[in-house]
Asks: 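Encoded as structure tokens, here's the structure I'll be asking about.
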Amino acid sequence: MFGKMFSFLWRNAPKGMALPVIGLAIVTGLSRNVLLHVINAAASDVGTPGFFRLWLPVFLATLVVYAVLSVVYPVMAQSLVARMAATLRARLTRNMLKAPPLFVQSHEHGGLYHIITTDVQVVTAISRTIIEILPAVIFLVLATPQVLALSPAVGGFALLVMVGGILGYYLQRRAISGLTKLIRSVEIDYFERVSDIIGGFRELKLHRPRRRDLEDEIAHTVDEIRDVTIRMEQRYAASEVVMQSLKFVLVGGIVFIVPWLGVGDSTVVFQLLTVVLFSLGPFEGVIKQIPALLRAMVSFRRIDELDAELKQFEGLDEGDRPPPGPFSRLSLEGVRARYPLTDGSGFELGPLDFELSRGEIVLVIGDNGSGKTTFLNVLAGLLDIDDGRITVDGTPVEDRDMVAYRDRFSAIFTVFHLFYRLFGLSRIDPDHARSLLKRLQLDEVTDYAEGRFTQLNLSSGQRRRLALAVVLLENRDIVILDEFVADQDPGKREFFFRTLLPELKAAGKTVVVTTHDLAWVPFCDRVVRFSGGRIVAIERPTVDETALTD
């Protein structure tokens with residue numbers, strides 16, 4: 001298990017820094033050992049002529065070297081850890097952005113949050129600890145033979161005590177690891193419930209029984225976190241008592257074993273105590289970190305699993321391809337797809353045969369659950385198809401072409417997200433953006449400045465129109481609007497169907513709209529009716545001249 005952890009650290013350490021830091025750790029640990037050797041050598045020379053002239057300069061020089069290395073090494077170590085953490089975070093997020101569209105949906109959101117935030121923080125902290133105690137480990141490796149050389153009996157006793165301390169911590173591994181897994185699982189549940197509070201705040205305010213049930217569940221989860229934490233701390237406290245007791249056993253053993261065995265004088269006892277006392281700090285520091293290392297194992301494994309899962313997408317080339325050229329016809333031919341649901345089942349779509357022409361307005365209708373949104377996901381390349389093919393002007397869209405294919409689309413789905421700034425739209429004319437806000441009747445609630453809209457805390461209808469402003473700024477060939485007018489007032493719907501859609505059509509844009517409001521059918525070129533995941537009818541509406549001119 002520890003081997004996997006160190007392998008993880010080695011793989012993620014910045015290239016060109018790991019070996020120098022390890023080398024400096026060795027030198028730092030060696031300098032502490034040299035300082036100990038100088039003190040013991042000087043102790044055996046006390047009272048000899050020239051004692052101060054010989055040993056004091058050597059001691060001071062060794063002390064200065066040790067002090068300098070003890071300052072330089074942590075700085076380099078911290079720099080390595082900071083770079084490693086930054087590289088890890090950047091790679092996880094970069095590869096997650098390259099993952100298929102449904103990757104996030106197929107994972108527990110609380111778990112992903114926990115990995116990218118808490119687990120990465122835990123791994124960063126423990127990596128810093130591991131690197132910091134590395135000189136201590138090196139010192140202990142060098143100091144142990146000195147104890148054996150001074151007194152094999154005391155050395156054996158010291159090794160026995162150290163092994164006992166290590167074994168005591170190691171025996172707790174299974175229990176601590178189990179508690180760590182449990183507390184992580186409960187914390188994920190807590191994150192999910194907090195998400196429920198934020199996402200369903202209004203619904204909770206309107207329903208006291210729901211609010212009380214959620215509050216009771218959160219209280220139970222918090223109590224469970226508390227209880228597991230206390231159990232973990234009890235184990236750590238017991239370990240601390242054992243560690244302190246072992247220290248006194250070790251020191252007392254030296255004081256009593258050497259005279260009892262008659263294997264040395266007071267100088268030997270002093271030298272042994274010096275080595276042991278020099279070693280106690282590093283040894284205790286190493287042993288104290290074992291529980292933290294055990295707790296971090298879960299985080300290492302979770303990050304490693306996610307990293308390995310995302311690794312397959314690392315090589316995907318999403319380079320700066322030129323935007324796709326204009327199209328005449330986009331076709332779905334015998335397409336089947338399955339939209340996965342959280343309970344492991346899925347919604348089956350198709351087979352579908354559908355053709356979309358440039359510059360047309362298509363209205364998609366059907367009952368809830370009929371497949372409209374799933375169809376839009378397939379059309380936009382956001383859901384992999386299981387059978388059939390998608391073609392653009394007769395050319396099949398292969399997997400390698402899917403990134404460029406999606407560049408044709410802008411979309412506002414029923415559930416959408418407004419980013420705090422207009423990522424990917426760095427060359428927007430502020431006057432053009434403000435004119436769009438005015439046309440969409442948003443100029444009094446928000447403004448455009450420095451690459452972002454100044455206010456996002458808007459009503460549902462206003463947020464949807466602001467998302468439409470972003471879509472219009474993106475200026476893509478195909479616009480998908482899923483239930484866009486559902487939360488717009490009659491005047492806004494009139495503007496959308498009578499004014500905006502004709503303008504988009506005149507500009508050569510292709511618009512696919514889903515709605516339950518059939519009053520607007522005459523304003524579209526075709527109506528596609530869905531039922532049970534299939535297209536049951538495609539109709540060209542009869543144009544009602546009165547509806548168009550009223």
Asks: Do Asp307 and Arg91 meet the salt-bridge criterion of a basic N to acidic O distance under 4.0 Å?
Replies: yes

Asks: Test side-chain contact (heavy atoms from CB on, under 4.5 Å) on Tyr448 and Thr454 and set out the steps.
Replies: CA-CA 6 Å; Tyr448 176 84; Thr454 58; over 6 Å; no

Asks: Under the side-chain contact (heavy atoms from CB on, under 4.5 Å) criterion, do Leu134 and Ile130 qualify, and how do the steps go?
Replies: CA-CA 6 Å; Leu134 191 55; Ile130 291 171; 6.0 Å; no

Asks: Ignoring hydrogens, what is the shortest heavy-atom contact between Leu425 and Glu474? Give both atom names and the distance.
Replies: CD1-CG, 4.0 Å

Asks: Mind checking whether Phe191 and His114 have parallel, tilted or perpendicular rings, split at 30° and 60°?
Replies: tilted

Asks: Any non-hydrogen side-chain atom of Ile230 less than 4.5 Å from a side-chain atom of Glu233?
Replies: no

Asks: Does a side-chain heavy-atom distance below 4.5 Å link Leu92 with Val120?
Replies: yes

Asks: Are more than 12 heavy atoms, taken from residues, nucleotides or ligands other than Tyr113, located less than 6.0 Å from that residue's OH atom?
Replies: no

Asks: So which atom in Leu466 and which in Leu418 form the shortest heavy-atom distance, rounded to 0.1 Å?
Replies: CD2-CD1, 4.0 Å

Asks: Does Tyr66 offer a backbone N or O that forms a donor-acceptor pair with the side chain of Ser31 under 3.5 Å?
Replies: no

Asks: If you define the side chain from C-beta out and look only at heavy atoms, does anything of Met17 sit under 4.5 Å from Ser79?
Replies: yes

Asks: Distance check, rounded to the nearest 0.5 Å: Met232 atom CE versus Leu182 atom CG?
Replies: 9.5 Å

Asks: Locate the shortest heavy-atom distance separating Arg463 from Leu456; write the atom from each residue and the value.
Replies: NH1-O, 3.1 Å

Asks: What closest approach, in Å, do Asp384 and Ala337 show between heavy atoms, and which atom pair accounts for it?
Replies: O-CB, 3.8 Å

Asks: Would you say Ser127's side chain and Val123's backbone share a donor-acceptor pair under 3.5 angstrom?
Replies: yes

Asks: Taking atom CZ of Arg210 and atom NZ of Lys205, what is their separation to the nearest 0.5 Å?
Replies: 13.5 Å

Asks: Just wondering, do Phe139 and Thr28 contact through their side chains at under 4.5 Å, heavy atoms?
Replies: no

Asks: Enter the distance from Asp196:CG to Ile218:CD1 here, rounded to the nearest 0.5 Å.
Replies: 7.5 Å

Asks: Decide side-chain contact (heavy atoms from CB on, under 4.5 Å) for Glu217 and Asp213; before the verdict, give the C-alpha distance in whole Å, the side-chain angles of both, and the deciding distance to 0.1 Å.
Replies: CA-CA 6 Å; Glu217 184 168 333; Asp213 280 353; over 6 Å; no

Asks: Other residues, nucleotides and ligands only: do more than 12 of their heavy atoms fall within 6.0 Å of CZ on Phe103?
Replies: yes

Asks: Counting only heavy atoms not in Phe201, do more than 12 fall under 6.0 Å of its CZ?
Replies: no

Asks: As an exercise, state the distance from OH of Tyr73 to CD of Gln78, rounded to the nearest 0.5 Å.
Replies: 9.5 Å

Asks: How about CZ on Arg211, more than 12 heavy atoms from neighbouring residues, nucleotides or ligands closer than 6.0 Å, or not?
Replies: yes

Asks: Assess the residue pair Phe423 and Tyr420 against the criterion (ring pair (Phe, Tyr, Trp, His ring centres under 6.0 Å)); give the C-alpha distance rounded to whole Å, side-chain angles, the decisive distance to 0.1 Å, and a yes or no.
Replies: CA-CA 9 Å; Phe423 293 105; Tyr420 83 99; 5.5 Å; yes

Asks: Are Ile138 and Leu30 packed together at the side-chain level, in the sense that at least one heavy-atom pair is separated by less than 4.5 angstrom?
Replies: no

Asks: Closer than 3.5 angstrom, by distance alone: can the side chain of Arg452 be matched with the main-chain N or O of Arg421 as a donor-acceptor pair?
Replies: no

Asks: What distance separates Leu473 CG from Ile428 CD1, expressed to the nearest 0.5 Å?
Replies: 4.5 Å

Asks: Where do Ala77 and Ile131 come nearest, in terms of heavy atoms and distance?
Replies: CB-CG2, 3.0 Å

Asks: Please, which pairs that meet side-chain hydrogen bond (donor to acceptor under 3.5 Å, both in side chains) have at least one residue in residues 49-65, sequence neighbours excluded?
Replies: Asp45-Trp55

Asks: Could you report the tightest heavy-atom contact between Arg302 and Asp119, atom names first, then the distance?
Replies: CB-OD2, 3.7 Å

Asks: Within the structure provided, determine whether Val122 and Phe300 are in side-chain contact (heavy-atom separation under 4.5 Å).
Replies: no

Asks: Treating Arg476 as the side-chain partner and Asp407 as the backbone partner, does any N or O pair qualify as donor plus acceptor under 3.5 Å?
Replies: yes

Asks: Answer yes when Arg226 and Asp223 have at least one side-chain N-carboxylate O distance shorter than 4.0 Å, and no when they do not.
Replies: yes

Asks: Measure the shortest side-chain to side-chain distance between Met96 and Ile116 over non-hydrogen atoms and say whether it is less than 4.5 angstrom.
Replies: yes

Asks: Under a 3.5 Å distance rule, please check whether Glu398 uses its side chain to pair with a backbone N or O of Arg400 as donor and acceptor.
Replies: no

Asks: Do any N or O atoms from the side chain of Asn377 and from the backbone of Thr373 form a donor-acceptor pair under 3.5 angstrom?
Replies: yes

Asks: Can you tell me if CG on Asp399 sees more than 12 non-hydrogen neighbours from other groups inside 6.0 Å?
Replies: no

Asks: To the closest 0.5 Å, what do you measure between CD1 (Ile183) and CD (Glu224)?
Replies: 9.5 Å

Asks: Assess whether side-chain contact (heavy atoms from CB on, under 4.5 Å) is satisfied between Phe51 and Leu56, documenting all intermediate values.
Replies: CA-CA 8 Å; Phe51 169 78; Leu56 184 58; over 6 Å; no

Asks: Is the closest side-chain heavy-atom distance between Arg406 and Met402 below 4.5 Å?
Replies: yes

